[in-house]
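These figures come from a predicted structure and were not determined experimentally. Heavy atoms only: backbone and side chains are in, while hydrogens, waters and symmetry mates are out. Letters go in sequence order (proteins before strands), and every chain restarts at 1.
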Protein chains: 2
Amino acid sequence: MRLSEGVEWGLHCAVLVALLPPDRALPAGRLADYHGVPPAYLAKHLQALSRAQILDSVPGPRGGYRLARPATDVTVLDVVEAIDGTEPAFRCTEIRRQGPTRLATREYRVPCSIHVVMASAEDAWRAELRRTSIADLVGMVGASAPPASLAKGLDWFQEVLP
Amino acid sequence: MRLSEGVEWGLHCAVLVALLPPDRALPAGRLADYHGVPPAYLAKHLQALSRAQILDSVPGPRGGYRLARPATDVTVLDVVEAIDGTEPAFRCTEIRRQGPTRLATREYRVPCSIHVVMASAEDAWRAELRRTSIADLVGMVGASAPPASLAKGLDWFQEVLP
DNA sequence: ATATCACGGATATTAGATATCCGGATTATC
DNA sequence: GATAATCCGGATATCTAATATCCGTGATAT
């Protein structure tokens, strides 16, 4: 079981644009520079975040991406699902209905108990991801990152924002 | 994010061998018949369950697989991890340390907050899967499956166990 | 008018999951 | 003891999804 690497990129990008001065946007290329990831591929993931209305995209010079809503209203789960999709990790193929002892379809009114357990675990996973917003992550950075990190980040904004 | 289909097969097989009469074993081929899945590939997953000491393997005629421990002592998580591995779904590549604003390695003593959140969600997922044992699943089948299903299963045992 | 940027489609590459086969080792049964 | 059934691990083939790039189009600030 493996999450797309794009999930990590998307979350870090969301945190970074949450720190932007009001009404400014960061182009995809700058976000790729900042994180040291392939620009063309990151662009694809940012487009997914834009379609999910997590980011706003601004075309043209001084354009780029910014948050579409307050950082408090964007959960980690929102970003994960925008990039990785909402398909469950466990997909019940109903193998209980295969093989020599299978019954008629109408007999299977009760759900597959294995399916139920796996689904409830994924619910717990999602619930946990919903508990944290991008604003929380920004706060965590402020509270626990080396201060030099923030300072350097601010310098960098001055440099790259035209 | 996607779990191997083998996880579903492994769980259904664990439930089935938990229903075996004492000291009997089911060959991989019969388990594949019962579930309508490719025998050669299911065999690979059963070998993984055997290595994880969830199943006992018995070579030779009248051999096959049986539970290595009481069904109450085998959790759903045990089976999932035996087949899917224990690698986390989210793998932090520390992209916060890349790019133009990176600091010296020694500055990063606090953990990446995104990593922490993703890891806690996976902990919640695992905790949920640990709450249910194979014995619980067997009980659920007994309590909620169509009775005809169990009856047919028992007939089938008589037929295939030499 | 021009340069900057997002967007979506097409396509190539790679890694991992799915699937099969075979030779060797083990053991119950005759 | 011979035979047949079974597990085991390695080698290999195939298929799917993730990763990655490129380009033409449209929008817009300067």
Requested in this report: Would you kindly give the CZ-to-P distance between R24(B) and dA28(C), to the nearest whole Å?
Outcome: 13 Å
Query raised in the report: Which residue lies toward the 5' end of DNA chain C, G60(B) or D84(B), if each is placed at its nearest nucleotide?
Result: D84(B)
Query raised in the report: Starting at the 5' end of DNA chain C, which residue's closest nucleotide do you reach first, G63(A) or R51(A)?
Result: G63(A)
Report summary line: From CZ of R91(B) across to C1' of dT19(D) the rounded distance in Å is 15 Å
Report task. Rounded to the nearest angstrom, tell me the gap between atom CZ in R66(A) and atom C1' in dA29(D). Result -> 13 Å
Report summary line: Separation of dA18(D) atom C1' from H45(A) atom NE2, nearest Å, is 9 Å
Requested in this report: Starting from C1' on dT6(D), measure out to CG on L31(B) and report it in whole angstrom.
Outcome: 13 Å
Query raised in the report: Can you find a heavy atom in the side chain of S120(B) that is under 4.5 Å from one in the side chain of W125(B)?
Result: no
Report task. Starting from C1' on dT19(D), measure out to CH2 on W9(A) and report it in whole angstrom. Result -> 8 Å
Requested in this report: Among the candidates dC7(D), dA20(D), dT28(D), find the nucleotide nearest to the side-chain atoms of P38(A).
Outcome: dA20(D)
Query - Intermediate values then yes/no, salt bridge (charged side-chain N to carboxylate O under 4.0 Å, His left out), D84(B) and R2(A) - result: CA-CA 10 Å; D84(B) 202 63; R2(A) 178 169 214 157; over 6 Å; no
Query raised in the report: Is G29(B) touching bases, backbone alone, or none of the nucleic acid, heavy atoms closer than 4.0 Å?
Result: nothing
Requested in this report: Choose from dT6(D), dC8(D), dA19(C) the nucleotide whose nearest atom is closest to any side-chain atom of E5(B).
Outcome: dA19(C)
Report task. Measure from the side-chain heavy atoms of K44(B) and tell me the nearest of dA4(D), dC7(D), dG10(D). Result -> dG10(D)
Query raised in the report: Looking at dA5(D), dC8(D), dA6(C), which one has an atom nearest to any side-chain atom of Y65(A)?
Result: dA6(C)
Requested in this report: Before giving the answer on side chain to side chain contact (heavy atoms under 4.5 Å, CB included), spell out for L46(B) and Y65(B) the whole-Å C-alpha distance, their side-chain angles and the decisive distance to 0.1 Å.
Outcome: CA-CA 8 Å; L46(B) 294 172; Y65(B) 292 96; 3.7 Å; yes
Report summary line: Looking only at dC8(D), dT27(C), dC7(C), the nucleotide nearest the S57(B) side chain is dC8(D)
Query raised in the report: With a 4.0 Å cut-off, would you call D23(B) and R62(B) a salt bridge?
Result: no
Requested in this report: Kindly point out which of dT20(C), dA4(D), dA29(D) is positioned nearest to the side chain of A40(B)?
Outcome: dT20(C)
Query raised in the report: Between dA6(C), dA18(D), dA4(D), which nucleotide gets closest to the side-chain atoms of Y41(A)?
Result: dA18(D)
Query raised in the report: Thinking salt bridges, do E128(B) and R126(B) make one under a 4.0 Å N-O criterion?
Result: no
Query - Atom pair distance, as rounded to whole Å: CG in L55(A) and C1' in dC7(C) - result: 14 Å
Query raised in the report: What is the distance from CG of L42(A) to P of dC7(C), rounded to the nearest Å?
Result: 12 Å
Query raised in the report: What nucleotide, of dA17(D), dA17(C), dA4(D), holds the atom closest to the side chain of R2(B)?
Result: dA17(D)
Query raised in the report: Counting any heavy atom closer than 4.0 Å, what does A28(B) reach on the DNA or RNA strands: base, sugar-phosphate only, or nothing?
Result: sugar-phosphate
Query raised in the report: P27(B) has a side chain; which of dC5(C), dG8(C), dC7(D) sits nearest to it?
Result: dC7(D)
Query raised in the report: Mapping P61(B) and Q47(B) to their closest nucleotides on DNA chain D, which lands nearer the 5' end?
Result: P61(B)
Report summary line: Among dC5(C), dA29(D), dA19(C), the one nearest any side-chain atom of R62(A) is dA29(D)
Requested in this report: Quickly, which of L137(B), D136(B), V138(B) forms a side-chain contact (heavy atoms from CB on, under 4.5 Å) with S113(A)? Name it, please.
Outcome: L137(B)
